[in-house]
Protein chains: 2
Amino acid sequence: MATMHDVARRARVSVSTVSYVLTGTRPISEATRTRVLEAMAELGYQPNAMARGLASRRSRIVGLLMPMDERGLGATETAFVTGAAAAASAAGYHLVLSPVGAADPDVVRRLATQGMFDGVVLMEVQVDDGRVAALQEAGLPLVLIGRTGDTTGLSYVDIDFEQTVHEAVDHLVGLGHRRIVYVNHSASAIAAGYGPAVRTRDAFVAAMARHRLEPVMIASEDSAAGGRAALSAAVAQVPDLTAVLAMNESAIFGILGELAVRGRAVPGDVSVVSMVTSPQVAELVHPALTALTSPGAALGRIAMEALLRQLEGAAGQNHQQLLPCVLEIRGSTGPAAPPVGGAGGGAEPAGADPPDR
Amino acid sequence: MATMHDVARRARVSVSTVSYVLTGTRPISEATRTRVLEAMAELGYQPNAMARGLASRRSRIVGLLMPMDERGLGATETAFVTGAAAAASAAGYHLVLSPVGAADPDVVRRLATQGMFDGVVLMEVQVDDGRVAALQEAGLPLVLIGRTGDTTGLSYVDIDFEQTVHEAVDHLVGLGHRRIVYVNHSASAIAAGYGPAVRTRDAFVAAMARHRLEPVMIASEDSAAGGRAALSAAVAQVPDLTAVLAMNESAIFGILGELAVRGRAVPGDVSVVSMVTSPQVAELVHPALTALTSPGAALGRIAMEALLRQLEGAAGQNHQQLLPCVLEIRGSTGPAAPPVGGAGGGAEPAGADPPDR
DNA sequence: ACGGTTAGTCGAAGCGTTTCGACGAAGCGT
DNA sequence: ACGCTTCGTCGAAACGCTTCGACTAACCGT
């Protein structure tokens with residue numbers, strides 16, 4: 001590995017001159033500049049990242065802090081990561097992936113004071129999140145994906161859940177649906193203050209109220225089995241439901257499966273809308289899902305860009321931005337079935353059509 | 001940020017002593033050790049990662065090099081990443097995610113000579129991959145996930161595709177299937193020498209030959225639409241096929257959908273086996289998919305552990321390991337339909353739909 | 001009682017950069 | 001022709017750590 005000394009010697013200049021050529025912090029004559037550049041090329045010189053980091057107190061490394069449990073990442077989270085990674089790499093920064101549980105602010109504090117990160121993006125933020133405080137105390141530039149309850153003085157990007165839910169509900173109500181059930185994330189997620197779960201819950205209540213409808217929400221585990229159970233619970237509670245709104249990308253398939261088993265056609269008998277879903281997933285089933293597709297990669301990218309801006313320029317103001325999911329109407333929603341003839345729990349006139357999907 | 005000097009002063013020892021306490025490279029008396037430790041605790045001292053890296057020539061950072069195109073990562077690749085990240089973090093290493101296209105060895109070379117990485121794991125290796133040579137020239141410890149054509153002198157872990165395909169074929173043949181079509185990745189992936197695509201193709205030919213059956217392979221784009229097209233092509237070519245073997249996690253849902261549309265029941269008329277698939281995905285559809293589930297996280301972990309071993313101990317020999325996918329029989333396979341009588345036997349409980357993740 | 005180890009500690013020399021203060025040589029206005 | 005900036009360059013001091021070569025005691029066997 002050639003060092004700056006080697007380059008300096010070969011170009012017959014001092015080390016500092018070489019440094020100035022590299023960083024452009026001081027004027028250098030065209031003549032020496034090219035001489036230095038040539039020397040570098042000839043030696044295949046690459047500046048040493050550690051030394052540079054030590055001397056300049058800027059590592060050009062940013063951290064992406066996220067929980068990483070056994071079940072891996074969902075499509076949306078993966079999109080955050082790839083979006084952020086692409087943005088970092090494009091700006092010449094390295095991106096370190098750090099698995100940090102939502103519950104250990106101490107690990108976060110240690111990371112922060114190691115001086116390895118110029119700044120961090122924190123994912124999967126809880127409404128009340130100790131890690132945020134730890135990071136702030138450490139004085140580390142910080143951008144959240146998601147947000148805490150109190151966001152004053154914080155930079156974040158997040159999905160606009162309120163808007164997203166309203167759009168979903170409006171779409172269904174516009175089709176004539178009145179008895180709409182919302183399948184949220186798990187009860188434990190809600191209890192833990194998981195933002196998306198909590199915010200969509202509240203937004204759903206508000207959206208339904210606006211239409212003078214009664215909001216029924218079911219919490220569901222994040223799995224197909226959870227979805228099946230949730231749909232059963234939904235039907236038990238609202239036997240004549242005509243639409244299901246789901247936030248839970250994992251549960252949605254269970255919901256569809258259970259609907260098929262019960263002989264309720266989609267969208268003939270029941271319309272289904274999936275929120276915060278990727279198009280690939282929505283296209284997987286037949287009929288394809290009407291969905292609110294999440295701007296995952298965009299969020300990751302925007303968060304990273306905001307962080308880098310904070311690192312480069314004036315550490316000035318915070319970047320706070322909400323991006324709604326966009327409604328993409330596909331085959332899983334349709335006009336509400338006409339007012340039910342029979343009452344109660346009766347099965348449906350699913351009739352002829354086999355419940356294939 | 002407290003430095004070692006501060007700790008040393010407070011503990012009334014020299015800087016080097018503090019360092020020895022930290023690294024354990026030289027014996028330190030119990031008395032001073034505790035004195036130093038106390039000083040650290042009181043000051044909230046954290047060693048500076050950059051300085052340590054510079055002085056010791058070991059950054060404790062490893063790279064995970066992988067292509068990251070727009071469409072993001074599949075479930076299997078994501079599992080590699082999380083597995084590797086967990087292993088790295090458990091060993092006190094940082095993991096840098098570097099998006100590098102399969103086609104730019106120069107970017108890789110630059111990364112390698114920057115001295116930021118102690119070693120790297122390279123994912124999505126092509127059969128003939130310039131990046132491997134670049135990394136080797138740079139003398140950087142290296143482990144592959146996947147493998148090149150010639151693996152002498154290389155460390156890698158990979159899925160045992162040969163074994164996996166044989167198991168899949170044997171399972172189907174054991175159920176009496178004779179006309180089996182294999183849906184592979186896209187033609188362009190195969191042409192590019194994408195290992196999984198190439199190796200499964202060859203293994204499929206071999207496996208079928210062993211049973212004296214004719215191997216029919218269809219290349220399919222990685223999407224539901226691609227899967228539908230592939231199934232159509234398959235039926236066109238082998239109208240009375242009784243089983244489909246798919247390698248393409250994205251296409252599988254299109255295949256199932258198209259099967260349903262054509263009124264072929266799964267597994268009544270056609271059995272379906274999905275290879276290199278995660279249980280979550282397999283469970284998404286109804287009936288759940290018989291699948292060969294990929295040991296994704298395990299591969300990531302093993303690769304990382306092999307790399308770290310190489311970093312710590314003797315840079316000795318290479319770690320070369322193949323892990324087969326394990327067959328998990330679910331509802332999508334069954335006995336072959338009796339020698340063709342009529343076609344459509346009636347409606348089916350078709351099945352299928354689902355998602356990714 | 002004496003050279004030879006060994007345990008425990010220190011001081012200083014790096015590691016490869018950045019960055020600060022200096023300094024000579026031009027170039028400027030007047 | 002005079003001081004004054006500005007330009008271009010240099011040397012040296014950090015940055016916070018690891019590591020090497022000493023050095024001092026205590027301990028060993030003989």
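This is a predicted model, so every value here is computed, not measured.
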| Taking the side chain of M4(A) as its heavy atoms from C-beta onward, which of dC10(C), dC15(C), dT17(C) lies nearest to it? | dT17(C)
| request: Nearest-nucleotide wise, let me know which of R57(B) and E30(B) is further upstream toward the 5' end of DNA chain C. | output: E30(B)
| request: Grab the CE-C1' distance between M50(B) and dT17(C) for me, whole Å please. | output: 12 Å
| field | Protein-nucleotide distance (Y20(A), atom OH; dT9(D), atom P), rounded to Å | value | 12 Å
| query | Does T23(B) make a side-chain N or O approach to OP1 or OP2 of dT19(D) shorter than 4.0 Å? | reply | no
| So does R58(A) have more than 12 non-hydrogen atoms from other groups sitting under 6.0 Å from CZ? | yes
| said: Quick check against the 3.5 Å criterion: does D118(B) have a side-chain atom that pairs as donor or acceptor with the backbone of S59(B)? | reply: yes
| request: Quickly work out the R58(B) CZ to dC17(D) P distance and round it to whole Å. | output: 18 Å
| dT9(D) phosphate, OP1 or OP2, under 4.0 Å from T32(A) side-chain N/O | yes
| said: Between R26(B) and dA7(C), is there a contact of a side-chain N or O with OP1 or OP2 at under 4.0 Å? | reply: no
| Looking at L142(A), V62(A), L135(A), V96(A), which hits side chain to side chain contact (heavy atoms under 4.5 Å, CB included) with F117(A)? | V96(A)
| T152(A) backbone acceptor or donor facing D150(A) side chain under 3.5 Å | yes
| T17(B) vs dT9(C): side-chain N/O to OP1/OP2 distance below 4.0 Å | no
| message | Of the listed nucleotides (dG16(D), dT18(C), dT18(D)), which one gets closest to any side-chain atom of T3(B)? | response | dG16(D)
| message | Please report the distance, rounded to the nearest Å, between CD in Q114(B) and P in dT17(C). | response | 11 Å
| said: Under 4.0 Å, counting only non-hydrogen atoms across every strand here, what does V18(B) touch: a base, just sugar-phosphate, or nothing? | reply: nothing
| task | For dT17(C), take OP1 and OP2 only and decide whether either is under 4.0 Å from a side-chain N or O of Y45(A). | result | yes
| field | Rounded distance (Å) that lies between atom P of dT18(C) and atom CG of N48(B) | value | 16 Å
| message | With no hydrogens and no angle check, just 3.5 Å: does a side-chain donor-acceptor pair link S29(A) and T32(A)? | response | yes
| query | Between dT9(C) atom C1' and L22(B) atom CG, what is the distance in whole Å? | reply | 16 Å
| Is there a side-chain polar atom (N or O) of S19(A) under 4.0 Å from OP1 or OP2 of dT18(C)? | yes
| remark: Applying the 3.5 Å cut-off to both distances, the Watson-Crick or G-U partner of dA1(D) turns out to be dT30(C)
| note | Of the listed dC15(C), dT17(C), dC10(D), the closest approach to the S16(A) side chain comes from dC10(D)
| Shortest side-chain distance from S14(A), nucleotide among dG8(C), dG11(D), dT17(C) | dG11(D)
| Integer-rounded Å distance: dC15(C) P and R52(A) CZ | 19 Å
| said: Whole angstroms only, please: what is the CE-C1' distance between M40(B) and dG16(D)? | reply: 13 Å
| query | If you pin R35(B) and A51(B) to their nearest nucleotides in DNA chain C, which one's is more 5'? | reply | R35(B)
| query | Hey, does S56(A) reach any base, or is it just sugar-phosphate, or nothing, if we go heavy atoms under 4.0 Å? | reply | sugar-phosphate
| message | For D128(A), is the CG atom crowded, meaning more than 12 foreign heavy atoms sit under 6.0 Å from it? | response | no
| query | If you look at every strand shown and take non-hydrogen atoms under 4.0 Å, does L54(A) touch a base, only sugar-phosphate, or nothing? | reply | base
